[in-house]
Structures are given as C-alpha cells and as structure tokens.
Amino acid sequence: MHVPSPEGNWRFVDFFSHHPESLHMFAHAFDDIGIPKDFRHMDGFGVHTFKWLTRDGKETFIKYHWKSKQGVKSFMDGEAQAICGTDNVVKSIDAAVNAEKYPLSRESVCGIRQKTRIPKENNFAQPGELYRSWNSERRERFAMRIVDNFLLQPRVTPELQRIWIDFWSQADEELGAKLMEKVNAIAGGETVVLSSP
C-alpha cells in the first residue's frame, strides 16, 4: 500500500476529492463573489440545518439566509491582491457605522425542509446550473481560478487532477473540457484522461 508523504501531497485537494458534494461550495468560493468587498455588501447563509418544532411537536428542518439590502460587491483578483493584509474590511464597516449607514439585510428561512437522503447523482447538478448561469467572461475567470489555485498546485498529483476534472465534467461537460485543455496546455506534461461515465 502506498502512503502519501505529507510533503508530497496537498491535503486539502486530496481530502475533498473524496467528497464530490463539495463542488457547490467550490463553485461559490472560486466565483467572482468569492472575496466580498466588505461585510455590508455580502449575502450570508448558515451552513447548519436547524430543527424547528411546531406547538404540536412536528419537526421541520430549516436554514437561514440573509440578503444584503445594499447589494453584493466583491473584489476581483487584482483588487484583492492590492489590499491583501490590510484592515480594509474593518475600516469600511467602522466608517459606515460612524456615518450611521448601518448594514441592513433581510433575514429569511430557506424552504422548510424534510430530512431526506440526497441521491449521489445530485452532487453535480447545483454547481453545473450555477456555472451555466454565468456569462462567458465570468466562466473563463472561474476556470482559470480552478486551474491556477487548485489543479496546478505543486503537490496536486495527476491522479487528483483527473478526479477533479472528472467531477467538474459531470457538473458541466464544457467546463470539464475547458479545465482539461488548460491544465494540459499549462502543465505541458502528462495528458489528463477522464474516467468513463
């Protein structure tokens, strides 16, 4: 049995390669909205599911969502690098509060949910729909972020590249092909081969 060296493997990519349900989270994290400009201009949602009980004891499962009334504003990659390490976000919220421009959001309960098992096939539907909802420039930026910040990290093996490109291909065939093309062009080495569906 081969035990990967802690020095030779990027644990984050490796860990999530066993959890294709994480694609939806990565679709948000690597999208243009991944770096909020400040706390006032971002939506939020709870990652936990809560159980509400009715007066007669019936259980329902819910999630909380918050929508910014100021709109959503995010940094693009270059802007984020320029302010990296500053306390811009803290200064922004302090200045807004001092000017009595308090952050406003609309709290809502996202659909009352019944506890169900989600079929494995659904792991790829949400990130694929999200990707297809973006314009072509946004799709291109997303693909480059996945390639540069994820697939071509020094410790990501060809095996992990294949797994992730296979996952993204199941979410959207065009995205999978684009990722494979970019990895092969930039890496210039071994061609990434996808598994058969």
Side-chain angles (χ1 to χ4, degrees), residues 10-77 79-80 83-84 87-135 138-139 141-142 145-146 149-150 160 163-164 166-172 175:
W10 193 34
R11 293 294 183 200
F12 179 76
V13 177
D14 188 15
F15 174 80
F16 281 107
S17 72
H18 301 282
H19 300 280
E21 63 274 13
S22 65
L23 281 185
H24 193 240
M25 173 192 69
F26 286 116
H28 285 281
F30 286 97
D31 179 25
D32 289 350
I33 62 167
I35 308 170
K37 280 204 175 188
D38 56 51
F39 295 128
R40 295 177 340 110
H41 294 95
M42 62 185 281
D43 290 339
F45 55 90
V47 295
H48 299 290
T49 300
F50 295 92
K51 180 174 25 174
W52 278 4
L53 295 172
T54 62
R55 289 189 177 153
D56 60 349
K58 182 182 174 205
E59 296 179 348
T60 52
F61 296 89
I62 60 98
K63 286 187 176 261
Y64 292 103
H65 285 227
W66 293 267
K67 294 286 186 184
S68 169
K69 291 186 176 181
Q70 293 81 225
V72 174
K73 294 182 182 175
S74 302
F75 286 118
M76 297 305 284
D77 299 348
E79 295 172 305
I83 65 144
C84 185
D87 58 354
N88 179 66
V89 173
V90 175
K91 286 181 182 176
S92 171
I93 194 81
D94 284 348
V97 169
N98 290 337
E100 296 184 7
K101 293 181 181 176
Y102 303 106
L104 301 172
S105 62
R106 179 176 50 84
E107 183 181 347
S108 63
V109 173
C110 179
I112 305 224
R113 301 171 182 225
Q114 297 301 317
K115 189 174 183 180
T116 60
R117 178 178 281 280
I118 298 173
K120 194 169 185 132
E121 300 82 41
N122 286 352
N123 290 336
F124 307 105
Q126 284 183 313
E129 290 167 8
L130 182 62
Y131 174 78
R132 288 186 291 277
S133 73
W134 302 331
N135 64 37
R138 190 169 175 180
R139 288 181 186 188
R141 287 190 300 270
F142 175 78
R145 287 184 190 119
I146 292 291
N149 300 305
F150 207 81
L160 285 172
I163 290 169
W164 280 103
D166 193 30
F167 285 171
W168 287 112
S169 295
Q170 291 179 64
D172 185 88
L175 174 58

Engineer: Ring centroids only, cut at 6.0 angstrom: are W168 and F150 within range, meaning strictly under it?
Structural biologist: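 No, ring centres 6.0 Å or more apart.
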Engineer: Please tell me if the side chains of F142 and L175 come closer than 4.5 Å, counting only heavy atoms from C-beta onward.
Structural biologist: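 Of all side-chain heavy-atom pairs linking L175 with F142, at least one is under 4.5 Å.
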Engineer: So, for A27 and W134, which heavy atoms are closest and what is the spacing to 0.1 Å?
Structural biologist: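 Answer, listing the atom of A27 first, then W134: O-CH2, 3.7 Å.
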Engineer: With side chains defined as the heavy atoms from C-beta onward, is the minimum distance between E59 and L53 less than 4.5 Å?
Structural biologist: yes
Engineer: Does a side-chain heavy-atom distance below 4.5 Å link F16 with M25?
Structural biologist: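 A side-chain contact exists here, since the closest heavy-atom pair is under 4.5 Å.
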Engineer: Are any of the side-chain heavy atoms of R138 and D31 separated by less than 4.5 Å?
Structural biologist: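 Yes - at least one pair of side-chain heavy atoms lies under 4.5 Å apart.
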Engineer: If I take atom CZ from residue F167 and atom NE2 from residue H19, how far apart are they, to the nearest 0.5 angstrom?
Structural biologist: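 Here the interatomic distance stands at 9.5 Å.
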Engineer: Measuring from M42:CE to Q70:CD, what's the distance to the nearest 0.5 Å?
Structural biologist: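 Atom-to-atom, M42:CE and Q70:CD are 12.0 Å apart.
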Engineer: How close do Y131 and R139 get, counting heavy atoms only, and between which atoms?
Structural biologist: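 Heavy-atom minimum between the residues: O-NE, 3.3 Å.
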Engineer: Please give me the minimum heavy-atom distance between S17 and W164, naming the atom from each residue.
Structural biologist: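 Here S17 and W164 meet closest at N-CZ2, 3.4 Å.
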Engineer: Using 0.5 Å steps for rounding, measure from the NE2 atom of H24 to the NE2 atom of H28.
Structural biologist: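 Between atom NE2 of H24 and atom NE2 of H28 there are 3.5 Å.
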Engineer: Between S74 and I35, is there a side-chain heavy-atom distance shorter than 4.5 Å?
Structural biologist: no
Engineer: Got a donor-acceptor contact below 3.5 angstrom from the D172 side chain to the G128 backbone?
Structural biologist: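 No: the side chain of D172 does not pair with the backbone of G128.
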Engineer: Check whether more than 12 heavy atoms from other residues, nucleotides or ligands sit under 6.0 Å from atom NE2 of H48, and answer yes or no.
Structural biologist: no
